[in-house]
Engineer: 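Below is one structure. I have some questions about it.
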Number of protein chains: 2
Amino acid sequence: MSKTKPVTIVEVAAAAGVSIATVSNVLNRGGIRSSQETIRKVEQAAEQLGYRRNTVAAGLSRSKTFEIGLIIPSFGGYYGNLAEYLQLEAYNAGYHLSVFTSGWFNPLIERKNIEVLLQRRVDGLICHGLAMGQESTRSLVNNGTPLVMINGWGWPADIAVGAVNLGFAGACRDSVALLVERGCDSLIYVGSKRSSVINEQRLQGFYAGLAQLGRDIPYQVVDNWEVDIEVILRDSLAGASERVGLVAFDDVVALKVVSAANKLGIRIPEQLQITGINNDIMAEISYPAISSWSIPYPLQAGTAINKLLHAFGQQDVRTEEREFEVPLSFIERETTKFM
Amino acid sequence: MSKTKPVTIVEVAAAAGVSIATVSNVLNRGGIRSSQETIRKVEQAAEQLGYRRNTVAAGLSRSKTFEIGLIIPSFGGYYGNLAEYLQLEAYNAGYHLSVFTSGWFNPLIERKNIEVLLQRRVDGLICHGLAMGQESTRSLVNNGTPLVMINGWGWPADIAVGAVNLGFAGACRDSVALLVERGCDSLIYVGSKRSSVINEQRLQGFYAGLAQLGRDIPYQVVDNWEVDIEVILRDSLAGASERVGLVAFDDVVALKVVSAANKLGIRIPEQLQITGINNDIMAEISYPAISSWSIPYPLQAGTAINKLLHAFGQQDVRTEEREFEVPLSFIERETTKFM
DNA sequence: CTGTTAGCGCTTTCAA
DNA sequence: TTGAAAGCGCTAACAG
């Protein structure tokens, strides 16, 4: 715990009897060949003195930090999972990931944190959704730092080098088909306007599912934050509907629905069928367990990092499309397992 | 998106017709006074040229990065919440927080990430639990970077400047008392050995609660990962016990218990009462809603950051104790609301 | 109040 | 294969 000043290459060089350039070559650079003897001397000196590279100095010197910044709305649930996979993928590519939140889509915090990241001269930026508008973003990231959006639809190429988007629309569309197939004769979509852009995608998918049914079916669209789910459920089942199908914004909303149904004595899946999204832990341990759409994190994270590497000029590009859509996969559990 | 090289103080100085030192004084330093005229010229030039401070260079020059590193087991649930509050507290103190995970207590990943943080010359480190042993930690953090532990009991002063620990033991102890008071005539503790140190604290509290009961009561201790909760519940209620009290490791485990009870038709809270820990979102939306112990994040995060500031030599110290215990507060919900 | 100058620790030509 | 030296952008004495 003593305030020891860290040892530098200067000291290592002195101890090894070589120049600092040589130390730098041996320790921190690949490709540059040195004699076995020199390598041995340098490594031994470094080891013995407890040398630890100063990446701040290295970053300044090379004007390249090997750091990637990530902005997510919060660390919770799906966002946190994504961050974990991104961290791993970044590491495998030789980069480090600095994770910041936007305090649940707070444009001020978001802006401030992006600014911090830019001041740190991160090599690239990954932003999940974005509370700021596109103009705001453009003026902030005007310096050429590559930006990859996650769940950002329709961002122009001069702002973002690309986007990796989850196939929410497809998942909701298919949920509708599946619920109807399972015998539901009326449908409800329970959204969450708290995340507007993302909610929109899902709603769009819900409508698409309705449209491709080939026939009309009663449905309603409500918001998790505005209505009492118990009331909605009771009213729906009091009507002509024998079996209601419910598409929930995510698994948190789905669990709320399950709880309300349990409380009201509504039988799942006989009277009510539910699909969630995200495949959160609570979907698995709920009773009845919730059918949900799971996210292929490795693919999502890998694609995002790859787009960045591509922008850095390092190859290994898996995909060329600017907006890449990651498909979700259905995990069927008890809230729909009725045939 | 063009690869513009960022503007530096040199260019701002030229545009403003002053020296780089003056620019530095005006833009990046507090306390140093300049004439109004100079300030105006410099700020205008900076604004117009789009100057953004390079904190990498500043960090190198001052040998102080104003960065704090945080290691948590994962971004999920409680850990993610904590990270969010720490980020806020750090920011308020003029620092930035870089968050890394240890991949669920993986000593290798943990070590690697701490090493990365140290290479970045963070001013301080906050570690949540730690998979590595104390010796390992000592040799890694031997350079004088202050380390604050979260939920680390018994760390010597030469490794960690202090610790901020949650009062799990107290919460579990009080849970026992409360459950018995609510009429439970036998108890179960369902732990999670996946997080050994933390589990131990809780178990200790459970035993303490038992001890201060003043009389014997049947109990059992099981592990969430080793047993089938349904079996445990059925067996317990098949015995002489009229009402079982269950102390769950956290709200995830508590929700598993609630689900099992719902499935078996066990009535909550008449036959079974449950307490969780963490006050996770799922405790609130479960049915029945789960009584849980909530964590005072602002206090916990604030104390941790404060200990670091103290170690940095900046004052504003709220507490002197090396190991500070943060008390949890009980949120009573339906799983115990029976009198 | 402002400018000169010597670093911070490392990387990277370019010669030797 | 190795080393001398010029930066990278900013800060912090120290003079003026």
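Because the structure is a prediction, the values reported are computed rather than measured. In what follows, every chain begins at residue 1, and chains take the letters A, B, ... in the order their sequences are listed.
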Engineer: Can a side chain N or O of A:Thr55 be found less than 4.0 Å away from OP1 or OP2 on C:dC10?
Structural biologist: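 So the side-chain polar atoms of A:Thr55 never come under 4.0 Å of the phosphate oxygens OP1 or OP2 of C:dC10.
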Engineer: Below 4.0 angstrom from OP1 or OP2 of C:dT11, is there any side-chain N or O of A:Asn28?
Structural biologist: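 Yes.
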Engineer: Can you check the A:Asn54 CG to C:dG7 C1' distance for me, whole Å?
Structural biologist: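 Rounded to the whole Å, the gap is 14 Å.
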Engineer: Taking atom C1' of C:dG9 as reference, at what distance in whole Å does atom CD of B:Gln119 sit?
Structural biologist: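 Roughly 13 Å, once rounded to whole Å.
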Engineer: Identify whether any heavy atom of A:Ala21 sits under 4.0 Å from a base atom; if not, whether one sits that close to sugar-phosphate; answer base, sugar-phosphate or nothing.
Structural biologist: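 The residue A:Ala21 makes base contact.
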Engineer: Cationic tip of A:Lys64 within the cone over A:Phe312's six-membered ring, i.e. under 6.0 Å and within 45° of the normal?
Structural biologist: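 That pair qualifies as a cation-pi contact.
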Engineer: Does B:Ser61 contact C:dG7 through a side-chain donor or acceptor facing the base, at a distance under 3.5 Å?
Structural biologist: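 In this structure, the two groups form a donor-acceptor pair.
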Engineer: Are B:Arg121 and B:Glu67 within salt-bridge range, i.e. N to O under 4.0 Å?
Structural biologist: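 No, no charged N to carboxylate O under 4.0 Å.
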Engineer: If I take atom CD1 in residue A:Ile9 and atom P in nucleotide C:dC8, what distance separates them, rounded to the nearest angstrom?
Structural biologist: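 Atom-to-atom, A:Ile9 to C:dC8, this comes out as 12 Å.
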Engineer: Write down the distance between CD1 (B:Ile20) and C1' (C:dT5), rounded to a whole number of angstrom.
Structural biologist: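 My rounded result for the distance is 9 Å.
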Engineer: Quick one: label B:Val23 by what it contacts on the DNA or RNA (base, sugar-phosphate, nothing), any heavy atom closer than 4.0 Å.
Structural biologist: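 No contact.
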Engineer: Kindly say if A:Ser24 contacts the phosphate of C:dG9, meaning a side-chain N or O under 4.0 Å from OP1 or OP2.
Structural biologist: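 No.
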Engineer: Within this structure, what is the CG-to-P distance between A:Leu60 and C:dT12, rounded to whole angstrom?
Structural biologist: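 Checked: the CG to P distance equals 12 Å.
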Engineer: Are A:Phe105 and A:His128 an aromatic pair by the rule of ring centers under 6.0 Å?
Structural biologist: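 They do not qualify: ring centres at least 6.0 Å apart.
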Engineer: Going 5' to 3' along DNA chain D, between which two nucleotides do contacts with chain B fall, using a heavy-atom cut-off of 4.0 Å?
Structural biologist: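 Counting from the 5' end, contacts occupy D:dG9 to D:dA12.
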Engineer: Angle class for the A:Trp104/A:Tyr79 ring planes (parallel below 30°, perpendicular above 60°, tilted otherwise)?
Structural biologist: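 If you compare the ring of A:Trp104 with that of A:Tyr79, the planes turn out perpendicular.
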Engineer: When all nucleic acid strands are considered with a 4.0 Å heavy-atom cut-off, which category describes B:Arg53: base, sugar-phosphate, or nothing?
Structural biologist: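 Result for B:Arg53 = sugar-phosphate.
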Engineer: Looking for any heavy atom pair under 4.0 Å, which part of the strands does A:Ser63 touch: base, sugar-phosphate only, or nothing?
Structural biologist: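 It contacts nothing in the nucleic acid.
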Engineer: Both B:Asn25 and B:Val56 contact DNA chain D. Which one's nearest nucleotide lies toward the 5' end?
Structural biologist: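 It is B:Val56 whose nearest nucleotide is closer to the 5' end.
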Engineer: B:Arg40 CZ to C:dT2 P: how many Å, rounded?
Structural biologist: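 Between P of C:dT2 and CZ of B:Arg40: 13 Å.
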Engineer: If we count only N and O atoms by modelled type, under 3.5 Å, do the side chains of B:Thr55 and A:Gln119 hold a donor and an acceptor together?
Structural biologist: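 No.
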Engineer: I want to confirm an ordering. Mapping A:Arg29 and A:Pro6 to their closest nucleotides on DNA chain C, which one lands closer to the 5' end?
Structural biologist: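 Checking each residue's closest nucleotide, the 5'-ward one belongs to A:Pro6.
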Engineer: Which heavy atom in B:Ala93 sits nearest to a heavy atom in B:Leu309, and how many Å separate them?
Structural biologist: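 Heavy atoms only, the tightest pair is CB-CD1, 3.9 Å.
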Engineer: Could you tell me if B:Lys112 sits above the aromatic ring of A:Tyr91, with its cationic atom closer than 6.0 Å to the ring centre and no more than 45 degrees from the axis?
Structural biologist: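 Relative to the ring axis of A:Tyr91, which defines the angle, B:Lys112 lies inside both limits.
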